[in-house]
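Order of listing sets the numbers, starting from 1, for every ligand and every atom in it. Along the sequence shown, the residues carry numbers beginning at 1.
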Amino acid sequence: MSAATIGKDLLGLEHLSAEQISLILDTAEPFKEISLRPIKKVPTLRGATIVNLFFESSTRTRISFEFAEKRLSADTVNVASSGSSVSKGETLVDTARNLEAMKIDMVVIRHGASGAARFLADRIRSNVINAGDGTHEHPTQGLLDILTLRDRWGSLAGRRVCICGDVLHSRVARSNIWGLQKLGAEVAVCGPRSLLPSAIDELGVTVFGRIEEAIEWAEALNVLRLQLERMQAGYIPSLREYNRVFGVTRERLDRAPRDIIVMHPGPMNRGVEIDSDVADGPHSVILDQVTNGVAIRMAVLYLLAGGQPHLAEAAKG
Ligand code: CP
């Protein structure tokens with residue numbers, strides 16, 4: 001299989017095939033080991049210049065991309081809206097074209113507008129990686145979530161994953177739903193109807209209105225953050241009420257008919273969608289997700305730069 005199979009850009013998982021998703025997951029495997037070395041650096045992307053354009057807040061994704069780029073020896077520049085000419089009204093495309101004039105190779109973009117990554121990718125020559133666009137997609141988060149489950153299960157086929165909480169505002173949910181379904185998993189969502197998209201039934205997922213039903217059904221829960229900054233008003237009565245009705249708590253997991261894996265993409269609202277003794281307890285793989293994020297991003301950078309999947313092992317140096 002050639003590197004061209006994931007295309008010029010990574011904008012989402014909706015339009016990737018199962019083979020393309022598996023290709024990225026498989027390519028990530030040999031890259032995991034680099035982060036365990038005392039000297040966490042290989043020369044694979046030496047000479048490549050990558051710009052990280054983060055127009056929304058981020059801890060995990062921004063730092064994880066930067067680690068991935070540096071561990072592959074790329075040269076990196078970080079641009080945020082504050083402190084750049086975006087704050088003076090410069091358009092996204094003008095910003096990117098000016099960066100391209102300085103001969104860059106790739107852009108990693110996080111933006112508050114759904115479709116921003118596609119908009120940019122259609123207008124510049126550099127490879128574009130979507131690091132989260134509005135409520136649309138967050139493909140590398142979906143991939144690292146799936147890799148974390150594949151590490152536990154070997155295969156996703158026939159496994160049952162429930163995405164819980166604020167699906168309406170979540171780009172992570174969409175990337176997970178598409179990615180998991182393509183690899184053969186059954187996917188459900190659970191949350192108050194006000195936090196589920198009106199067209200959720202069209203995505204081929206089971207819908208649970210009670211967290212107890214979701215826990216009864218699922219082998220893994222992916223618990224989403226209540227995105228309070230994207231809510232105008234009136235989605236839930238109160239955070240206390242939300243925790244009481246939909247919170248993933250130790251008592252609820254103790255009543256589950258099987259061992260359940262608990263994931264969360266972060267940042268967490270502890271005591272709201274997830275209790276601390278779950279987040280830090282034996283069901284949680286939350287920090288494994290973060291660790292896998294670096295390997296996934298190394299794999300995506302490597303493949304978009306033209307790396308051959310079958311040479312990823314050798315590329316480790
Ligand atoms: N999961 C995730 O996107 O986290 P950040 O917002 O911290 O990047």
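Contact analysis leaves Gly132 out of contact with ligand 1, as no non-hydrogen atom separation drops below 4.0 angstrom. Residue contacts with ligand 1 do not include Glu56, since none of its heavy atoms lies under 4.0 Å from the ligand.
Those atoms of ligand 1 with a heavy atom of Thr61 less than 4.0 angstrom away are 2 (C), 3 (O), 4 (O), 5 (P), 8 (O). Near Thr59, the atoms of ligand 1 lying under 4.0 angstrom from a non-hydrogen atom of the residue are 5 (P), 7 (O), 8 (O). Distances below 4.0 Å separate heavy atoms of His138 from the following atoms of ligand 1: 2 (C), 3 (O). When each atom of ligand 1 is checked for a heavy atom of Gln141 under 4.0 Å away, the hits are 1 (N), 2 (C). The Gly266 neighbourhood of ligand 1 comprises atoms 1 (N), 2 (C), 4 (O), with distances under 4.0 Å to a heavy atom of that residue.
A salt bridge is defined here as a Lys NZ or Arg NE, NH1 or NH2 lying under 4.0 Å from an Asp or Glu carboxylate O, and Arg171 with Glu56 meets this definition. A salt bridge links Lys32 with Glu29: the distance from a Lys NZ or Arg NE/NH1/NH2 to an Asp or Glu carboxylate oxygen falls below 4.0 Å.
Shortest contact from atom 6 (O) of ligand 1 to any protein heavy atom: Arg110 NH1, 2.9 Å. In terms of protein heavy-atom proximity, atom 4 (O) of ligand 1 is nearest to Arg60 NE, 3.1 Å.
Taking only nitrogen or oxygen atoms, main chain and side chain alike, Pro265 reaches within less than 3.5 Å of ligand 1.
Cation-pi contact between Arg123 and Phe119: present, with separation from the ring centre below 6.0 Å and deviation from the ring axis of at most 45°.
Using a 4.5 Å cut-off on side-chain heavy atoms (C-beta onward), Arg110 and Asp133 make no contact.
Note: His169 and Tyr235 meet the aromatic proximity criterion, with ring centroids under 6.0 Å apart.
The cluster map of Ile, Leu, Val, Met, Phe, Trp and Tyr, joined by side-chain heavy atoms under 4.5 Å apart, puts Leu301 and Ile63 in the same cluster.
Residues passing the side-chain contact (heavy atoms from CB on, under 4.5 Å) test with Leu239, sequence neighbours excluded: Leu226, Leu228, Ile236, Val272.
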